[in-house]
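Below you'll find the structure, written out as structure tokens, and then a few comments.
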Amino acid sequence: MADAESMRLAVMASGRGSNLEAILNAADSGALDMEIALVVSDQGDAPALDRARRARVPSEVLEFSSAPDAYGRQLLRLLGEYQIDVVALAGFMRVLPGSFLQTFPGDVLNIHPSLLPAFPGLNAQAQALEYGVRVSGCTVHFVDEGVDTGPIILQAAVPVGADDDEESLSRRILRWEHRLYPRALQLYAEGRLCRQGRRVRILND
Ligand code: GRF
């Protein structure tokens, strides 16, 4: 369990929420020293919200109906109310506006189901299959103003089998996502991520 000094994390998810669950489990087991203080979704019916309720984590729905900058201001206010230090995007299907990223005092992390910079954007696993790569994987990175372009924190390589389809490859990658994201967040919590331009050094690795 996180102690009183722990960083306060908000997880933002639009859908299923299996990465959220992995993060909650890591915090519960002591592998992640952060308090999951808020779950935010842009979809009122996201299964991720049920996962938050089951874990007794406060959740808020912020629908993406307004202009991006206005959305950013609402989000900023919400994160301020919950005293959030750091945000983890976990299947959040919107691009956060630059005005938000420039103003939020903490960092925003994201997980993407490919070995970036290959296959950014939507349907990364299908893109990988279509391209014919033998290895794909997942990436945890800091969020900048581009789509999946921010400095890379951790990556895991996952083999692509000759018989893989989008579903089987996604499932194999997802198992790694569930290990990688809590690990990256824990490095962040320990203050061991040192950014030097695009490169992220892991201290005491
Ligand atoms: C994951 O594959 C993640 O990498 C991508 O969206 C998916 C979300 O899955 N950004 P879940 O909602 O965490 O189950």
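Numbers here are sequence positions counted from 1. When a ligand or atom number is given, it counts from 1 through the structure's own listing order.
- Between the R51 side chain and the G17 main chain, a donor and an acceptor come within less than 3.5 Å of each other.
- Contact annotation: A13 has no heavy atom less than 4.0 Å from any atom of ligand 1.
- Taking only nitrogen or oxygen atoms, main chain and side chain alike, N19 reaches within less than 3.5 Å of ligand 1.
- The single protein non-hydrogen atom nearest to atom 11 (P) of ligand 1 is S18 N, 3.4 Å, given as residue, atom name and distance.
- Scanning all protein heavy atoms for the shortest distance to atom 5 (C) of ligand 1 gives P113 CD, 3.9 Å.
- In terms of heavy-atom proximity, P120 sits nearest to V147 at CB-O, 3.9 Å.
- In this structure, of P47, G91, S170, the residue bringing a heavy atom nearest to atom 8 (C) of ligand 1 is G91.
- Judged by distance alone, with hydrogens and angles left aside, the side-chain atoms of S168 form no donor-acceptor pair with the main-chain N or O of D164 at under 3.5 Å.
- When only interatomic distances are considered, the shortest N/O to N/O separation between I111 and ligand 1 falls below 3.5 Å.
- The protein heavy-atom contact nearest to atom 9 (O) of ligand 1 is R16 NH2, 3.1 Å.
- Between R77 and E81, no side-chain nitrogen of the basic residue sits less than 4.0 Å from a carboxylate oxygen of the acidic one, so the salt-bridge criterion is not met.
- Contact of the V133 side chain with the F119 side chain is registered, since non-hydrogen atoms from C-beta on lie closer than 4.5 Å.
- Interatomic distance, L187 CG to L32 CG, rounded to the nearest 0.5 Å: 10.5 Å.
- No cation-pi contact links R94 to Y71, judged by a cut-off of 6.0 Å to the six-membered ring centre and 45° from its axis.
- The nearest heavy-atom contact from the protein to atom 1 (C) of ligand 1 is E177 OE1, 3.1 Å.
- Ligand 1 has a nitrogen or oxygen under 3.5 angstrom from a nitrogen or oxygen of G17.
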